[in-house]
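The next block holds one structure in the form of structure tokens; read it before the comments.
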Amino acid sequence: MADDRITAREFHDSDGVEDWRVLLATAQTLYRTGSFTAGVELVDAIGELAEAASHHPDVDLRYGTVTVRLTSHDVGGLSRRDVALAREISDAARELDLVADPSAVQELEIAVDALVGPAVQPFWRAVLGYTEQAPDGLAAVPLADPTGHAPAFWFQQMDAPREQRNRLHVDVIVPHDVAESRVTAAIAAGGHLVSDDRAPAFWVLADAEGNEACVCTWQARD
């Protein structure tokens, strides 16, 4: 279904997806349920919709919240099926009087600087118990938690040794309409801006000792 794939921009330009935010290759939302019982009711409704559509999201049920992640693995990203199911899930949540808080969703990745990525990757795969993923356009060979709970690891090519630079950094992937406020808050909390050359795809920040983190969005990646 290659012709079914859509871009992040096309997803956000679709009607009825106001509850949702694209984080790279997924569309996500979080519902404030207020109780575990209400969360179970929403999960049950999502299950019925997913089975009817033969399209199955990842659903994270916690006390007080339900997080939903949509993607189409067969096309390696978002598809029109995700738009359709997102609308149906939003309708089901409204029927249960549940409010979406898409500003609360985010993803976390750990990036390892490496001169020879294939030489260090087996160590990280073994020590973490991770599996190797297909390339996703950002990471050459990302590693992922097979349970889908822990942050992904990926390997960033270095041109030369950098002894005075940290070799691990965190990628914090947030909704596009949250990114600038997150950057501002990090700077106000004692950090500083290293580079915004690639914004809004990502901003490079560092703490007071130079340890880096990137705030990332889907934008400027199509």
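These figures come from a predicted structure and were not determined experimentally.
Checked by atom type and distance alone, the side chain of Thr217 pairs as donor or acceptor with a backbone atom of Gln219 at under 3.5 Å. Distance alone, capped at 3.5 Å, is enough to place a donor-acceptor pair between the Ser79 side chain and the Arg81 backbone. Using modelled atom types, one side-chain atom of Thr71 and one backbone atom of Gly77 make a donor-acceptor pair closer than 3.5 Å. Side chain of Ser14 to backbone of Glu10: a donor-acceptor contact under 3.5 angstrom is found. Thr33 places a side-chain N or O within donor-acceptor distance of the main-chain N or O of Gly64, the cut-off being under 3.5 Å. Arg198 places no side-chain N or O within donor-acceptor distance of the main-chain N or O of Ser195, the cut-off being under 3.5 Å.
More than 12 heavy-atom neighbours from other residues, nucleotides or ligands sit within 6.0 angstrom of CD on Glu107. Summarising the local packing, CZ of Arg62 is surrounded by 12 or fewer heavy atoms from other residues, nucleotides or ligands at distances under 6.0 Å.
Side-chain contact, Asp74 with Ser72: no donor N or O sits under 3.5 Å from an acceptor N or O. Gln106 and Gln28 share no side-chain donor-acceptor pair at under 3.5 Å.
Residues Arg182 and Val172 come closest through the heavy atom pair NH1-CG1, 3.8 Å. Minimum heavy-atom separation, Asp82 to His55: OD1-NE2, 2.6 Å. For Val17 against Ala86, the heavy-atom pair with the smallest separation is CG1-CB, 4.3 Å. Of all heavy-atom pairs between Leu78 and Ala8, the closest is CD1-CA, 4.3 Å. Here the closest heavy-atom approach between residue Pro57 and residue Ala50 is recorded as CD-CB, 3.7 Å.
Taking the six-membered ring wherever Trp is involved, the centroid distance between the rings of His12 and Trp20 does not fall below 6.0 Å.
Residues Asp171 and Leu108 fail the side-chain proximity criterion, which asks for heavy atoms closer than 4.5 Å.
Partners of Thr147 by side chain to side chain contact (heavy atoms under 4.5 Å, CB included), not counting sequence neighbours, listed by chain and number: Asp145, His149.
Tracing side-chain contacts under 4.5 Å through hydrophobic residues (I, L, V, M, F, W, Y), one reaches Phe36 starting from Val43; they form part of the same cluster.
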